[in-house]
Asker: 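Have a look at this one before I ask anything.
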Amino acid sequence: MKLGCALVVAVFALLGTSATQAGEIKGKVSVQGLKSAENIAVYVDAIPGKDFPAPTQHVIVDQKQMKFVPHVVVVLKGTTVEFLNSDTVQHNVYWPSISGNKKLAHNLGTWPKGQSKPFQFNDFGWAPLLCNVHPEMSGYVVVVATPYFAVTDKDGNFVIKDTPAGKYTLKTWSEEGKPATQSVELSGASASVTLTVTK
Ligand SMILES: [Cu+2]
């Protein structure tokens with residue numbers, strides 16, 4: 001009798017894992033009129049009826065060798081980004097707007113090597129990161145509604161990992177191009193998508 005119960009529990013445990021097994025959405029972004037297919041954010045747009053809690057894990061954006069690293073970072077709304085300075089010179093971090101809304105401008109100040117400052121992004125959109133000490137520096141934080149996102153590599157390839165099965169709308173954000181939209185259905189381990197971003 002005890003063995004029978006254990007078996008039933010084991011079978012349910014197995015079914016449970018297979019039902020919630022996550023897959024990946026992968027693909028390639030091609031560009032028309034853009035310099036490069038690199039650093040394009042690809043993300044699953046808001047899922048109706050689904051809210052994701054703010055992640056406890058912070059994301060680091062470094063200022064290293066006079067650059068924001070990574071150049072483009074995607075975060076779920078509510079994520080705290082730690083802005084780190086790894087250079088020997090002082091850097092500043094500010095953004096003049098979020099998605100063009102100047103009311104959401106913010107200046108975090110200026111700080112030396114080894115220090116970081118946190119900021120929790122609670123507004124959707126893209127924040128253009130700038131440093132008022134070095135006008136040539138630029139980066140972007142893209143704030144989205146789901147934890148399912150990726151950034152393209154040099155060739156425009158991307159992989160969105162740990163995504164549950166479902167029908168989704170994929171969207172892109174890029175520095176130079178218009179947003180692109182593509183529907184995708186993930187039913188097995190993997191779904192492949194191609195997207196085109198135009199200027
Ligand atoms: Cu700087």
Side-chain angles (χ1 to χ4, degrees), residues 29 31-45 52-161 171-180 195 197-199:
V29 177
V31 291
Q32 285 172 5
L34 273 68
K35 271 177 268 163
S36 151
E38 191 179 12
N39 279 323
I40 295 176
V42 185
Y43 60 93
V44 169
D45 200 19
F52 296 93
T56 50
Q57 202 173 349
H58 293 189
V59 168
I60 293 172
V61 171
D62 201 357
Q63 286 174 294
K64 199 175 182 182
Q65 295 177 332
M66 311 297 279
K67 284 181 174 162
F68 283 99
V69 182
H71 184 61
V72 173
V73 67
V74 189
V75 298
L76 172 63
K77 185 182 162 184
T79 299
T80 298
V81 175
E82 296 281 346
F83 292 96
L84 174 67
N85 180 358
S86 288
D87 280 337
T88 50
V89 294
Q90 294 220 341
H91 284 300
N92 160 267
V93 176
Y94 79 100
W95 47 96
S97 62
I98 292 183
S99 292
N101 181 353
K102 290 178 181 162
K103 285 179 186 161
L104 299 176
H106 196 79
N107 192 328
L108 279 175
T110 303
W111 57 95
K113 182 181 169 90
Q115 291 183 17
S116 69
K117 280 202 182 178
F119 185 85
Q120 187 177 26
F121 284 89
N122 286 318
D123 291 290
F124 291 122
W126 52 279
L129 304 176
L130 294 165
C131 166
N132 63 20
V133 187
H134 309 104
E136 70 279 14
M137 292 179 68
S138 78
Y140 297 89
V141 176
V142 183
V143 185
V144 301
T146 73
Y148 313 124
F149 50 73
V151 176
T152 55
D153 69 9
K154 275 192 173 60
D155 301 313
N157 298 306
F158 67 90
V159 181
I160 303 172
K161 290 179 178 158
K171 286 195 171 169
T172 66
W173 176 88
S174 61
E175 207 172 329
E176 301 180 83
K178 291 180 195 145
L195 289 136
V197 171
T198 57
K199 183 131 186 171

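Quick note: residue numbers are just sequence positions, from 1. Start at 1 and go down the list; that is how both ligands and their atoms are numbered. When reading the values below, keep in mind they use all heavy atoms of this one structure, side chains included, and skip hydrogens, waters and symmetry mates.
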Asker: In His134, the N, O or S atom nearest to the Cu ion (ligand 1) is which?
Answerer: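 Closest N, O or S atom of His134 to the Cu ion (ligand 1): ND1.
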
Asker: More than 12 heavy atoms of other residues, nucleotides or ligands under 6.0 Å from CD of Glu136: yes or no?
Answerer: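 Above 12, so yes.
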
Asker: With the Cu ion (ligand 1) at the centre, find the angle made by SD from Met137 and SG from Cys131, to 10°.
Answerer: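 If I round to 10°, I get 110°.
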
Asker: Hey, does Val93 have a side-chain heavy atom less than 4.5 Å from the side chain of Lys117?
Answerer: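 With C-beta onward as the side chain, the pair stays apart.
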
Asker: Report yes if some heavy atom in the side chain of Phe124 is under 4.5 Å from a heavy atom in the side chain of Ile98; otherwise report no.
Answerer: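 Of all side-chain heavy-atom pairs linking Ile98 with Phe124, none is under 4.5 Å.
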
Asker: What is the name of the N/O/S atom of His91 that is nearest to the Cu ion (ligand 1)?
Answerer: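 Output for this pair reads ND1.
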
Asker: Consider only side-chain N and O atoms of Gln90 and Thr110, and report whether a donor and an acceptor are under 3.5 Å apart.
Answerer: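 Side chains of Gln90 and Thr110: no pair found under 3.5 Å.
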
